[in-house]
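Notes follow once the structure below has been shown.
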Amino acid sequence: MRLTLAARSPFSLPAVVRSHGWARLAPFDTDAPSDGLTYVVCLDSDRVSEMLIREAPGGVSVEVDGHLSKAEHEEVVHKVEWMLGLGQDLSSFYALARQEPKLAYVEERAQGRILRSPTLFEDTVKTILTTNANWAGTIRMVEALVSQFGAPLPSDPARHAFAAPGRLAATDEETLRSSARVGYRAPYVLGLARCVASGAFDLEVLKIADIPTAELRERLLAIKGVGEYAAANLLMLLGRYDFVPVDSWALKLVSHEWYGGESVGRGEVEGAFERWGEWQGLAYWFWDWSYAGES
DNA sequence: GGTAGACCTGGACGC
DNA sequence: GCGTCCAGGTCTACC
């Protein structure tokens, strides 16, 4: 079954896929034909399918195995729209970016959208697994969680959907440590999964919560394992760009860009982008760091 | 409110 | 092959 979804212009699927490393984390896979993106999804009906997403005139096309019921069809549409930010309006950011040489290309390249998972639960777990770990470690931990706790894809049982909260909640800390090798993060992942699975914490409602960014941030910081960096990263995924996710890489970039390689702290990074107000996270994310990268 | 140390893993390095 | 060191954010205890 094939669906076609419209995107607010400007839009570029490769730009979304390359927006950060999420496309390299299971159950995403960029090894798809025609610069496409695949994702193994588990729908509310428990149907596990592979979605093949490709750029199409005015938006994207989505191919899913077999025939979808009306509810499944609507769910796929809703999920893909969220994952790719198809309806996001970044015109205010582009208007500011046109005046900054280091961001002058973003509109032309249709940059600004950041690839996200269908659920905030999945993005929160993945974000926790990026903390205190190098990128290879994050890829390994996510792959382990998906392969060991995710529902298998019927047409290719070697591939799996992301681990559902209930499935993770049913395991224990020691299993997470030994089989997924997530280390001290095990109680964080387990605690979150159990809260979400039990209904004690409705994480997904935060995607549409009409509350100030500062309050949203406080709710994210209340999750064990989510600190300032992780909260800022999740806010970016939620379309709130008032905070810069300051990690060790951000410190290096800002150090090289404005401080001649001298060591800098969180304050310098935040100060460098403060003037961008509600768009500072995006300004940092898509800044042309080529100078720092080459040095 | 600020700070030090622990947490866990994998990679780099020296022997 | 083995041991040691280090990088990577967050939490907790302590001041």
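We use all heavy atoms of the structure for the numbers below, so side chains are in, but hydrogens, waters and symmetry mates are not.
- A cation-pi geometry, defined here as NZ or CZ lying under 6.0 Å from the six-membered ring centre and within 45° of its normal, holds between A:Arg116 and A:Trp82.
- Classified by interplanar angle (parallel below 30°, tilted 30° to 60°, perpendicular above 60°), the ring pair A:Trp22/A:His20 is parallel.
- In this view, A:Glu81 and A:Leu5, A:Val77, A:Leu86 satisfy the side chain to side chain contact (heavy atoms under 4.5 Å, CB included) rule, not counting sequence neighbours.
- Sorted by first then second residue, the salt bridge (Lys or Arg N to Asp or Glu O under 4.0 Å) pairs that include residues 260-270 of chain A, not counting sequence neighbours, are A:Glu228-A:Arg266, A:Arg266-A:Glu270.
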Please list each protein N or O that sits under 3.5 Å from an N or O in nucleotides 5-8 of chain B, with the distance.
unit_1, atom_1, unit_2, atom_2, d
B:dC8, OP1, A:Arg177, NH1, 2.4
B:dC8, OP1, A:Arg177, NH2, 3.3

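- Checked by atom type, the side-chain pair A:Thr213/A:Arg240 shows a donor-acceptor distance below 3.5 Å.
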Evaluate A:Glu204 against A:Lys207 for salt bridge (charged side-chain N to carboxylate O under 4.0 Å, His left out), listing each step before the verdict. CA-CA 6 Å; A:Glu204 302 311 313; A:Lys207 288 156 80 171; 3.3 Å; yes
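- Remark: C1' of C:dG9 and CG of A:Asn134 are 13 Å apart, rounded to the nearest angstrom.
- The side-chain tip of A:Arg113 does not point at the ring of A:Phe11 from less than 6.0 angstrom away and within 45° of straight on.
- Side-chain atoms of A:Asp65 and A:Ser49 include no donor-acceptor pair closer than 3.5 Å.
- Through chains of ILVMFWY side-chain contacts below 4.5 Å, A:Val48 is grouped with A:Val40, A:Leu153.
- The CD1-C1' distance, from A:Ile139 to C:dG8, rounds to 15 Å in whole Å.
- Contact between the side-chain N/O atoms of A:Arg140 and the OP1/OP2 oxygens of B:dT9 is not found at any separation under 4.0 Å.
- Contact annotation: the side chain of A:Phe201 approaches that of A:Ile223 to within less than 4.5 Å [non-hydrogen atoms, C-beta and beyond].
- Within the structure, every side-chain polar atom (N or O) of A:Lys252 is placed at least 4.0 Å from both OP1 and OP2 of C:dA7.
- The stretch residues 217-236 of chain A touches DNA chain C through A:Ile223, A:Lys224, A:Gly225, A:Val226, A:Gly227, A:Glu228, A:Tyr229, A:Ala230, each having a heavy atom within less than 4.0 Å of the strand.
- The side chain of A:Ser248 contributes an N or O atom lying less than 4.0 Å from OP1 or OP2 of C:dG8.
- Within residues 264-272 of chain A, no residue places a heavy atom under 4.0 Å from DNA chain B.
- One can place CD of A:Glu143 at 18 Å from P of B:dT9, the figure rounded to the nearest angstrom.
- In this structure, A:Tyr241 and A:Trp279 have parallel ring planes: the angle between them is below the 30° cut-off, well short of the 60° mark.
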